[in-house]
Amino acid sequence: MLSALLVMSAIAAVLGAVLGFAAIKFHTEGNPLVDKIDDVLPQTQCGQCSYPGCKPYATAIAAGEADINRCPPGGEEGIRKLAELLGVEFKPFGEDAVPKAKSLAVIDESTCIGCTLCIQACPVDAIAGAAKQMHTVIASECTGCELCVAPCPVDCISMQVIGEKITNWKWKYPVYAMTATT
Amino acid sequence: MEISGICHDRNNMRPAVPVGNDNMRKLYHFHGGIHPPSNKTQSTRATIARAPLPAKLVIPLHQHAGETAKPVARVGERVLKGQLIGMPDGVVSSAVHASTSGTITAIDMQLIAHPSGLPNLCATLIPDGKEEWAPRKTIDYRDHSPAGLQHLLRMAGVVGLGGAAFPSDLKLSLDKHKITTLVLNGAECEPYITCDDMLMRERAAEIVQGAEMLRFMLDAEEVLIGIEDNKPEAIASMRAAVAAGGHQRMEVIAVPTVYPGGGAKQLIRVLTGIEVAAGVRSTDMGVQCFNVATAYTIHRAFAHGEPLLSRIVTITGNVMHPRNYEVLIGTPIAELVALGVALPDTDSYIMGGPMMGFPLPSVQVPLVKATNCIIASSKKIFPPPPPVMPCIRCTRCADVCPADLQPQDLFWFAQSREFGRAQAFNLFDCIECGACSYVCPSHIPLVQYYRFAKSEIHAREHDKQLADKARVRHDYREQRIEREKQEKADKLAAREKAAQAARLADAQPLTPQQQAEQAELETSRAHIRELAQSAVEHADEGTTK
Ligand code: SF4
Ligand code: SF4
Ligand code: SF4
Ligand code: SF4
């Protein structure tokens, strides 16, 4: 068990390095504040913030035109990050923007007619297929934005909640009755 | 799992000085450490026994750190002992084999030994009792390249048996690092666990030969075998094996008994004096560390052609007959418990030791490569911890932390979810040994907070990575759409230009009146074009705002 943790931290270090590398490699010229904001947005590209993607929302925030509590996929954690980044107060979600459990699009492959409309709708190129052929969602690339669901003429795309599995399980916050002395 | 009820005798924290130092070598100290009651003698009175063949084996395909092995056996297929049933999948992965001959009756999700209590993919094997082996190929390791040997280990399913179950082949691929010292870890510092002790007592020669194979693969110069001085029989047996085998530059060293002296960094420090700093790997400093049972398994793999099918497990705690057994991987833990005969007041079972183990979700879960010990637990042995009280910042935790951290600060950051600061305070150097919780006068389950914080940070890094990839794909898509639009527009413009040129070429000389008409037509066309253009712009704005 001792070395298990060393291994885990080594893996974490490697992942960290990868992130750092990606950030350097894919850095594009632009407004640094917009990029910084975009960096903490979840990149679901769902448009729930009423902007056509994360970057436009980041641009609007940077211009002072949008609130920081408009992105449901980012969760409260996301709002907290934005608040910290911009040095403003945390602001809870309004009633119109409520986070949901993270889910994945799944195509019922026996019903699909191969019309390619979902491919055109997917903002992150996570659907594979060609005209008149069965289409498939690449699960590891689907951000769960739901944009492919509506265009499908035969209603064969459904959103499935990602359940807790061994691979994504997390240790829970310890809950103890503190015998407070205050 | 944190047990706060074992012993609260803090006068027990004597300095870590070797008692009756018969080593020629100078030993070093690591920071902190504790001396919980060892409770090891109960299970070392009898020799290792072979557990009987169970009626059913459930073999998880994910027993190692990394990716789940891909099932390569079919339901209904008859398999031989040692036959591959799980193919390593990905860089960090390891093979899984049939532990005996029989029939695969299911490949599905089953409850496994994991703190989450969640199921994972397993192959169910009904033994036929014949123990019929698949062909075994023995090799002389000296005829092979280190890379070839690494591949053999991966396919033999050899993983670290000290508890981490990290694929051993990966610890041997070091490219540029020069390893001078191979440390063999026989410290076995955690209370109750005695599987390595008994293995060293009874099978020392094979461990030492395994160490020789590891030295060959690492191209290491010296081998240091560290064993805590509360295991004199194991030390004597290992020394005899080293002497009998005529192994040069291989030394068995008694190290002081102090928990967690079996942590890789801690043992390396004690034996070599090397302090492996935060974020640095021991291989950067020329040292690599393997558990003694792993060395034994490597010897079985090369010299006997046997993949990892069984291991030594301690059954102890609240049982009538504590003992070590050699058990097939996949054996239901209930069968092992039955051999030890659990006492009636047993209320749960712990896999691993009392400091770092975790309670099993069910006693029916199968034994895996990482199972070194099963402790039957009762209220008598492990009384429920006293109520948690606020931290009084006494810093006793910092005094005992073997990683030289400030556990009280880490606790504060973790419980207030300030993960960035926890990381800055070297949270990931914490080996979750539980020494801090053990001495905390406020009985705070500190390690649970560290585990929570670490897994939150891992999840966030994972999400961030996915988000960064999604951003790249999204940007690429935007660029592609833009490019396609541009290409279409260019084509259209080119076509129009060509048509106009053709019209001009065809045209007859015009009368002045015709010319005037033409000019008027052109102006109105230009005006219409302008209007149309501004409409498009408006439409665009409409969609983007
Ligand atoms: S709501 Fe959707 S599109 Fe808007 S910032 Fe969040 S993830 Fe991006
Ligand atoms: S939109 Fe529906 S029918 Fe069309 S390709 Fe996608 S899944 Fe198939
Ligand atoms: S030992 Fe417990 S009470 Fe003392 S400083 Fe550490 S966490 Fe706080
Ligand atoms: S902080 Fe981590 S390494 Fe230090 S004593 Fe506590 S559990 Fe052990």
Side-chain angles (χ1 to χ4, degrees), chain A residues 1-13 15-16 18-19 22-23 25-26 28 38-45 50-56 77 80 102 120 122-126 140-143 145 163-174 176-182, chain B residues 62 65 92 112 114-116 118-120 160 162-166 190 260 262-265 279 281 289 352-353 356-357 387-390 415 428-433 445 448-449 451-452 454-459 461-477 543-544:
Chain A
M1 286 280 161
L2 287 175
S3 32
L5 303 158
L6 297 182
V7 166
M8 277 172 69
S9 27
I11 291 175
L15 288 184
V18 170
L19 293 186
K25 186 166 175 206
F26 299 113
T28 42
D38 190 45
D39 195 51
V40 301
L41 293 176
Q43 306 303 316
T44 308
Q45 311 291 0
S50 80
Y51 294 87
C54 303
K55 194 71 168 268
E77 181 64 28
R80 221 164 272 131
K102 201 169 182 298
Q120 293 169 43
C122 178
V124 289
D125 285 346
S140 62
E141 308 206 329
C142 172
T143 60
C145 70
E164 193 174 50
K165 289 179 296 226
I166 288 228
T167 41
N168 65 9
W169 175 81
K170 293 190 282 188
W171 288 94
K172 302 290 174 294
Y173 190 86
Y176 288 91
M178 280 255 181
T179 48
T181 46
T182 46
Chain B
H62 187 254
V92 186
I112 61 158
H114 191 270
S116 66
L118 291 168
N120 208 0
F166 190 76
E190 195 162 355
K265 280 193 182 183
R281 266 166 289 182
C289 181
M356 299 185 67
V388 175
M389 286 180 295
Q415 63 113 38
F428 282 96
D429 271 3
C430 164
I431 57 172
E432 301 180 18
C433 67
Q448 296 190 19
Y449 285 92
R451 285 178 173 158
F452 156 73
K454 285 182 187 180
S455 80
E456 281 296 325
I457 293 168
H458 279 138
E461 278 181 8
H462 179 73
D463 286 351
K464 176 85 176 89
Q465 219 180 357
L466 289 183
D468 286 340
K469 284 195 191 147
R471 179 186 296 111
V472 171
R473 289 200 308 278
H474 179 70
D475 288 352
Y476 177 76
R477 180 174 182 272
T543 56
T544 52

OG1 of Thr143(A) to CG of Leu466(B), rounded to nearest 0.5 Å, is 10.0 Å
Bottom line for Pro174(A): the part with an atom under 4.5 Å from chain B's heavy atoms is both
Whatever's closer than 4.5 Å to a heavy atom in chain B on Lys165(A) counts as backbone
Distance col, row His474(B):NE2 vs Asp38(A):CG, nearest 0.5 angstrom, shows 8.5 Å
Under 4.5 Å to a heavy atom of chain A? For Pro119(B) that would be backbone
Bottom line for Asn168(A): the part with an atom under 4.5 Å from chain B's heavy atoms is neither
Note: vs chain B, highest number of non-hydrogen pairs under 4.5 angstrom among Lys102(A), Lys172(A), Glu141(A) is Glu141(A)
When rounded to the nearest 0.5 Å, the distance separating OG of Ser455(B) from NE2 of His462(B) is 13.0 Å
Here the gap from Lys170(A) atom NZ to Glu164(A) atom CD, rounded to the nearest 0.5 Å, amounts to 9.0 Å
With chain A, the option among Glu456(B), Lys469(B), His62(B) that has the most non-hydrogen atom pairs under 4.5 Å is Glu456(B)
Pairing of Asp475(B) and Arg471(B) as salt bridge, 4.0 angstrom limit
no
Okay, Cys122(A) and chain B: the region with an atom under 4.5 Å from a heavy atom over there is backbone
Okay, Ile112(B) and chain A: the region with an atom under 4.5 Å from a heavy atom over there is side chain
Honestly, the part of Thr44(A) sitting under 4.5 Å from a heavy atom of chain B is neither
Quick test of your reading of the model: are Asp125(A) and Arg477(B) salt-bridged, counting only N-O distances below 4.0 Å? yes
Salt bridge flag under 4.0 Å for residues Arg80(A) and Glu77(A):
yes
